[in-house]
Number of protein chains: 2
Amino acid sequence: MRSLFHPAIEDVRPDAILHALSDPNRAAIFAQIMRAGCVDACSALATLGDRVIPKSSLSTHFKVLREAGLIRSARHGVEMRNEARFAEVEARFPGLLDAIVNAYASDAGCDAMRVPAAE
Amino acid sequence: MRSLFHPAIEDVRPDAILHALSDPNRAAIFAQIMRAGCVDACSALATLGDRVIPKSSLSTHFKVLREAGLIRSARHGVEMRNEARFAEVEARFPGLLDAIVNAYASDAGCDAMRVPAAE
DNA sequence: CCGTTAGTTCTGAATTACCGAACTATGGGA
DNA sequence: TCCCATAGTTCGGTAATTCAGAACTAACGG
């Protein structure tokens, strides 16, 4: 596997972040990573709410989040470890991530954010 | 012309807002409406930066912003008047719009936000 | 009634997203 | 060492979106 691409923080663009998080599934994945600080595997959250996400789609979702500069991924043994680049993004775009995650969380109509492992 | 559709504020979804603003052109249009409080015509901002946007695309952009719940549009005579639904959206998703607009504004690489009529 | 300006809809081409299937990479045994 | 299981990526075909030119509609002013 070739090493994963992560943009430098100064290359991170707001439109890429908004695009990445405009998908409720990706937003739910990112919210969970932010909450947990670190998520150990894609498969660990292969089900969001009650909807099953195929692993090829999941892989793409992680790639989009990674290339938008939202997460950092590294392989540890056989599985992937993902962590949010919260501090960096927060420094560059203050308040953005919190506002977005809170917006999703406060939206009652969005069941994709209900993750079983949430509490 | 049939009357324009505007979603009730409680029907406004975060993913629709993020999707609408994930396009730099639309974000620039929205930022200008927010700054000015009210923009009188589509054609008034038919050029963003130095790029010319065809009016059919412009019409679509306004439609996307409108259906995302970000702006309210009404016909006044021959032209369209657009205003930001800032207070409503702010009450529902606190800090979201400011964070997004500030993110674009602080992104030096984003020339779409440079609007000639800005100041 | 005609022309002009402002904006919308239609339409086809190009782009992007989705997801099943095949593939690659890593670690753990026998 | 070889093989298997697990974790994730890439490929390929189809579906859904987006883009922008052209034609259309709406409103006002002679």
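We name chains A, B, ... by the order of the sequence lines, and we start the count at 1 in each one.
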In whole Å, I'd like the distance from the [atom1] atom of [X] to the [atom2] atom of [N].
{"X": "B:M80", "N": "D:dA26", "atom1": "CE", "atom2": "C1'", "result": "11 Å"}
{"X": "A:R81", "N": "D:dT6", "atom1": "CZ", "atom2": "C1'", "result": "16 Å"}
{"X": "B:L65", "N": "D:dT18", "atom1": "CG", "atom2": "P", "result": "13 Å"}
{"X": "B:F62", "N": "D:dC19", "atom1": "CZ", "atom2": "C1'", "result": "17 Å"}
{"X": "B:R75", "N": "D:dA26", "atom1": "CZ", "atom2": "P", "result": "9 Å"}
{"X": "B:F5", "N": "C:dT9", "atom1": "CZ", "atom2": "C1'", "result": "19 Å"}
{"X": "B:N25", "N": "D:dT17", "atom1": "CG", "atom2": "P", "result": "20 Å"}
{"X": "A:L58", "N": "D:dT9", "atom1": "CG", "atom2": "P", "result": "9 Å"}

Checking side chain to side chain contact (heavy atoms under 4.5 Å, CB included) for the pair A:I100/A:F30: CA distance, chi angles, key distance, verdict?
CA-CA 11 Å; A:I100 293 175; A:F30 180 71; over 6 Å; no
For A:T60, give me all partners under side-chain hydrogen bond (donor to acceptor under 3.5 Å, both in side chains), at least two apart in sequence or on another chain.
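Result, side-chain hydrogen bond (donor to acceptor under 3.5 Å, both in side chains) vs A:T60: none returned.
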A:S73: side-chain hydrogen bond (donor to acceptor under 3.5 Å, both in side chains) partners, not counting sequence neighbours
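Residues passing side-chain hydrogen bond (donor to acceptor under 3.5 Å, both in side chains) with A:S73: A:R66, A:N82.
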Its contact letters, B for base, S for sugar-phosphate only and - for none at protein heavy atoms under 4.0 Å, make nucleotides 18-23 of chain C read SBBB--
Establish, with yes or no, whether the OP1 or OP2 oxygen of D:dT18 is under 4.0 angstrom from a side-chain nitrogen or oxygen of B:H19.
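Looking at the OP1 and OP2 atoms of D:dT18, one of them is under 4.0 Å from a side-chain N or O of B:H19.
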Is there side-chain contact between A:I33 and A:L70, with heavy atoms separated by less than 4.5 Å?
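With C-beta onward as the side chain, the pair stays apart.
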Using the side-chain heavy atoms of A:S59, tell me which of these nucleotides is nearest: C:dA6, D:dT9, D:dG8.
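Nearest to the side-chain atoms of A:S59, counting from C-beta on, is D:dT9.
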Going by side-chain contact (heavy atoms from CB on, under 4.5 Å), name the residues that satisfy it together with [X], two or more places apart in sequence or in a different chain.
{"X": "B:A36", "answer": "B:V39"}
{"X": "A:E10", "answer": "A:A8"}
{"X": "B:A87", "answer": "none"}
{"X": "B:D23", "answer": "B:N25, B:R26, B:H61"}

Residues in salt bridge (charged side-chain N to carboxylate O under 4.0 Å, His left out) with A:E83, at least two apart?
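Per chain and number, A:E83 pairs via salt bridge (charged side-chain N to carboxylate O under 4.0 Å, His left out) with no residue.
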Sort me out a list of protein N/O and nucleotides 27-30 of chain C N/O pairs below 3.5 Å, or just none if empty.
none

